[in-house]
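In what follows, a single structure is set out as structure tokens and then discussed.
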Protein chains: 2
Amino acid sequence: MLDDDLGWSLGVVFRTYVRMADTLMSSVPGGPRGFQVLTAATAEEPVGQGALAHRLGIDRTVMTYLVDELEAAGLVERRAGTKDRRNKQIVATGHGTRLLADLQHRLGKAESHVLEPLSDAERTRFRRLLRKLAVRAQDLDPVAEACALVEELDAAPPRAHP
Amino acid sequence: MLDDDLGWSLGVVFRTYVRMADTLMSSVPGGPRGFQVLTAATAEEPVGQGALAHRLGIDRTVMTYLVDELEAAGLVERRAGTKDRRNKQIVATGHGTRLLADLQHRLGKAESHVLEPLSDAERTRFRRLLRKLAVRAQDLDPVAEACALVEELDAAPPRAHP
DNA sequence: TATTGTTATACTCTATAACTATA
DNA sequence: TATAGTTATAGAGTATAACAATA
């Protein structure tokens, strides 16, 4: 039964959430990634473009285009760092900050919508279990794990008559 | 706190699983999508290329390239339909069937690995809750839902002094 | 004429490499 | 010389459009 497949269930729920989020964020230049940059731009400690790109897992050349768009829309500003003028820090404008608050509110609504089939008690339980998995998954190197798995199975393949 | 964000948790867990799966399936031409086609190719009811492309949500022209690769690797065959010779059905070869069984076994292992932080009872509960969400999510049109959300919020925006 | 699959072309997104400016 | 960011170019992946075969 397909419904029992973890990957399938995860995929359906995740994609539904992502598509809702994408739609909500279609007004932001650069979409979901523009949103992430905007979020980082409101942090207390402003961070340079390169470091930010690394943290979000995107190329630094892509970050240039992304910030170009956000700046053109008046959502963020580039400020040359005081210590190192090469290092450009991304900070949100008032307009950017307000838009971000609005988007976060909408995302919360989308989240509730996805969790709607569950009762309050179930939602709490689900969040707890999922967080437990996420915390561990974060520290995992999926590629390395998968390679280990392959070697382990190659040593004892699942055949009827080896 | 970031850990409380549903989207973040879902994303971390899903991406970890997907990356493990991708690595496991790197030996299949076309990667994860090649795997999906191969899976469909072992179904009792063989299905035409176009219908299959639609079901997997990929373009029919892409499907042509995908099947080309799988056929070149000797995993599937194209058979002209008996009733309509335009309709080419994709069926797995013996080699393809064996490879698929192997991959499914490995995916099961990867799945257990992701769920490792949970006890047996917790795993069961998690699967049950997730499936409940997935079943509902499947019947949802995320874009339409998001649009409805936007209109609803635009009517009563989250401002201190409206 | 309509439909299934193929081929050729164009487009989008992303990465690589060369360039400018600061250090 | 080395680093942060920018710009130009090339590459992979995907979609659009014209095509051939069958209905």
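It should be emphasised that the depicted structure is a prediction, and the values quoted were computed from it without experimental measurement. Residue numbers start from 1 in every chain, and the chains themselves are labelled A, B, ... in the order their sequence lines are given, proteins ahead of strands.
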Atom-pair distance (CD1 on A:Ile58; C1' on D:dA4), nearest Å:
15 Å
Steps toward side-chain contact (heavy atoms from CB on, under 4.5 Å) verdict (A:Glu145, B:Arg19):
CA-CA 10 Å; A:Glu145 298 290 339; B:Arg19 276 190 205 133; over 6 Å; no
Is it the case that the base of C:dT4 and the side chain of B:Arg86 share a donor-acceptor contact (distance under 3.5 Å, atom types as modelled)?
no
For D:dG5, does either OP1 or OP2 sit under 4.0 Å from a side-chain N or O belonging to A:Thr64?
no
Between A:Val28 and A:Leu70, is there a side-chain heavy-atom distance shorter than 4.5 Å?
yes
Look at the side chain of A:Thr93 and the backbone N and O of A:Gly74, then say whether any donor-acceptor pair between them is shorter than 3.5 Å.
yes
Please give, in whole Å, the distance from D:dG5 C1' to A:Arg85 CZ?
14 Å
For B:Asp59 and C:dC11, give me the distance from atom CG to atom P, rounded to whole Å.
16 Å
Within the 4.0 Å heavy-atom criterion, would you say A:Asn87 contacts the bases, only the backbone, or no part of the nucleic acid?
sugar-phosphate
Closer than 4.0 Å, any side-chain N/O of A:Arg78 to the OP1 or OP2 of D:dT6?
yes
Taken to the nearest whole Å, CD/A:Glu69 to C1'/C:dT12 is 13 Å
Within the side chain of B:Arg85, is there an N or O that forms a donor-acceptor pair under 3.5 Å with the backbone of B:Ala80?
no
How close or far is atom P of D:dT7 from atom OH of A:Tyr65, stated in whole angstroms?
8 Å
C:dA15 P sits how many Å from A:Met63 CE, rounded?
12 Å
5′-ward residue of the pair B:Arg60/A:Gly81 relative to DNA chain C:
B:Arg60
Output the rounded distance in Å from NZ (B:Lys83) to P (D:dT22).
19 Å
If you measure from CG on A:Leu6 to CZ on B:Arg127, what distance do you get to the nearest 0.5 Å?
5.5 Å
D:dA4 phosphate, OP1 or OP2, under 4.0 Å from A:Gln89 side-chain N/O
no
Atom CD1 of A:Ile90 and atom C1' of D:dT6: how far apart are they, to the nearest Å?
13 Å
Any base atoms under 4.0 Å from B:Asp84, or only sugar-phosphate, or nothing? Heavy atoms, all strands.
sugar-phosphate
